[in-house]
Amino acid sequence: RYPEIEESNCIDCGLCEKVCPLKQPKQYDRLPKNYVVQQKDLHILRNSTSGGFFTAISKYAISQNGVVFGAAFDKNMELIHQYSETLVGCAKFRGSKYVQSLIGNTYSEARRFLQEGRLVVFSGTPCQIAGLYGFLKGKKYNNLVTVDLVCHGTPSPLLLRKYLAYHTKVANSKVIDYRSRDKYYGYNFSTASIWFTDKNK
């Protein structure tokens, strides 16, 4: 997926180029402190890709009447960015998806919550986080916490769509969930897992 300009709506203001993360100068900030974190809750740890730190951040944000943004599959197994105001709703953001997500209107929604003074946690790939900062036009918000993950490039959604379509055909059952690094075999042996409507598949 690549951004496309709707020529019929373009007024040649140049703003898209001004905020484009790829056109911004590189920033070499000082190296921040680093921490290793692991959830004490074994259920959360089991259902997280790594140590479950994102759930801990989400729990704090929700306790402060905050809003959490993340990527989750919709009913058509399309990965889209969305937000939740409940800890139960944040559970769907847990775990790496390894596919490019649709940002949709989440930048606008995040800005609205920020302007209302609510704590906002926004997670995504580094380029999505850079996109958010570009959208905010450099304005600093003390109530914004961004969580970007280590990324080596996101695979095409078309690849995942074909992969799930293949398994849907083989299992003769609709796919309702997919996890790239499930801990079904334990912490050190992550694997891809697929859930179907027919629980016997």
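Worth saying up front: this structure is predicted, and the values here are computed from it rather than measured.
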Peer 1: Verify the cluster assignment for Ile103 and Val145: are they in a single hydrophobic cluster under the rule of side-chain heavy atoms below 4.5 Å apart?
Peer 2: no

Peer 1: For Phe122, which residues count as a ring-ring contact (aromatic ring centres under 6.0 Å, His included) partner, sequence neighbours excluded?
Peer 2: Phe69, His81, Tyr107

Peer 1: Not counting sequence neighbours, which residues clear salt bridge (Lys or Arg N to Asp or Glu O under 4.0 Å) with Glu116? List them please.
Peer 2: Arg112

Peer 1: Is it true that Ile57 and Val68 fall in one hydrophobic cluster, defined by side-chain heavy atoms closer than 4.5 Å?
Peer 2: yes

Peer 1: With side-chain hydrogen bond (donor to acceptor under 3.5 Å, both in side chains) as the test, would you mind laying out the steps for Ser173 and Thr197 before giving the verdict?
Peer 2: CA-CA 6 Å; Ser173 182; Thr197 50; 3.0 Å; yes

Peer 1: List in chain and number order the residues that pass side-chain contact (heavy atoms from CB on, under 4.5 Å) with Ile5, two or more places apart in sequence or in another chain; answer none if no residue qualifies.
Peer 2: Glu7, Cys10, Cys16

Peer 1: Using a 4.5 Å cut-off between side-chain heavy atoms of Ile, Leu, Val, Met, Phe, Trp and Tyr, which other residues end up in the same hydrophobic cluster as Ile176?
Peer 2: Trp195

Peer 1: Can you tell me if Ser58 uses its side chain to pair, donor with acceptor, with the backbone of Cys90 under 3.5 Å?
Peer 2: no

Peer 1: Check this for me: Lys92, atom NZ, are more than 12 non-hydrogen atoms of other residues, nucleotides or ligands nearer than 6.0 Å?
Peer 2: yes

Peer 1: If we only count heavy atoms from C-beta on, is the Arg94 to Ile44 side-chain gap below 4.5 Å?
Peer 2: yes

Peer 1: State which residues pass ring-ring contact (aromatic ring centres under 6.0 Å, His included) with Phe113; sequence neighbours excluded, sorted by chain then number.
Peer 2: Tyr83

Peer 1: Given a cutoff of under 4.5 Å between side-chain heavy atoms of I, L, V, M, F, W and Y, with clusters grown through shared members, what are the other residues clustered with Leu159?
Peer 2: none

Peer 1: Side chains of Arg181 and Tyr98 only: does a donor on one sit below 3.5 Å from an acceptor on the other?
Peer 2: yes

Peer 1: Show which residues join Leu158 in its hydrophobic cluster (side-chain heavy-atom contacts under 4.5 Å, direct or indirect), or state none.
Peer 2: none

Peer 1: Tabulate below the donor-acceptor pairs under 3.5 Å that side-chain atoms of residues 129-138 make, not counting sequence neighbours, or state none.
Peer 2:
unit_1 : atom_1 : unit_2 : atom_2 : d
Tyr133 : OH     : Thr146 : OG1    : 2.9

Peer 1: Side chains of Val67 and Leu119: closer than 4.5 Å at any heavy-atom pair?
Peer 2: no

Peer 1: Distance-only criterion, 3.5 Å: show the donor-acceptor pairs between side-chain atoms of residues 70-78 and protein atoms not counting sequence neighbours.
Peer 2:
unit_1 : atom_1 : unit_2 : atom_2 : d
Asp74  : OD1    : Asn76  : N      : 2.9
Asp74  : OD1    : Met77  : N      : 3.1
Asp74  : OD1    : Glu78  : N      : 2.8
Glu78  : OE2    : Arg1   : NH2    : 2.1

Peer 1: Indicate yes or no: at least one non-hydrogen side-chain atom of Leu102 is less than 4.5 angstrom from one of Leu79.
Peer 2: no

Peer 1: Show the nearest heavy-atom pair for residues Asn9 and Glu6, with the distance to one decimal.
Peer 2: ND2-OE1, 2.6 Å

Peer 1: Less than 4.5 Å apart, side chain to side chain, heavy atoms only: is that true for Lys97 and Tyr178?
Peer 2: no

Peer 1: Return the set of residues passing side-chain contact (heavy atoms from CB on, under 4.5 Å) with Thr86 (not counting sequence neighbours), or none when no residue passes.
Peer 2: Ser84, Val88

Peer 1: Cluster question for you: counting only ILVMFWY and a side-chain heavy-atom cut-off of under 4.5 Å, with indirect links fine, are Val36 and Phe54 together?
Peer 2: no

Peer 1: Do you know which two heavy atoms are closest between Ala61 and Val121, and how far apart they sit?
Peer 2: CB-CG2, 3.6 Å

Peer 1: If we ignore hydrogens and angles and just use 3.5 Å, is the side chain of Asn143 paired with the main-chain N or O of Arg118 as donor and acceptor?
Peer 2: yes

Peer 1: For a quick test of your reading: what N or O donor-acceptor pairs under 3.5 Å do the side chains of residues 161-169 make, sequence neighbours left out?
Peer 2:
unit_1 : atom_1 : unit_2 : atom_2 : d
Tyr163 : OH     : His167 : NE2    : 3.4
Thr168 : OG1    : Leu164 : O      : 2.8

Peer 1: Sequence neighbours excluded, which residues qualify as side-chain contact (heavy atoms from CB on, under 4.5 Å) partners of Thr125?
Peer 2: Cys127, Gln128, Leu149, Cys151, Thr154

Peer 1: Are Ile194 and Leu160 linked, directly or through intermediate hydrophobic residues, by side-chain heavy-atom contacts shorter than 4.5 Å (ILVMFWY only)?
Peer 2: yes

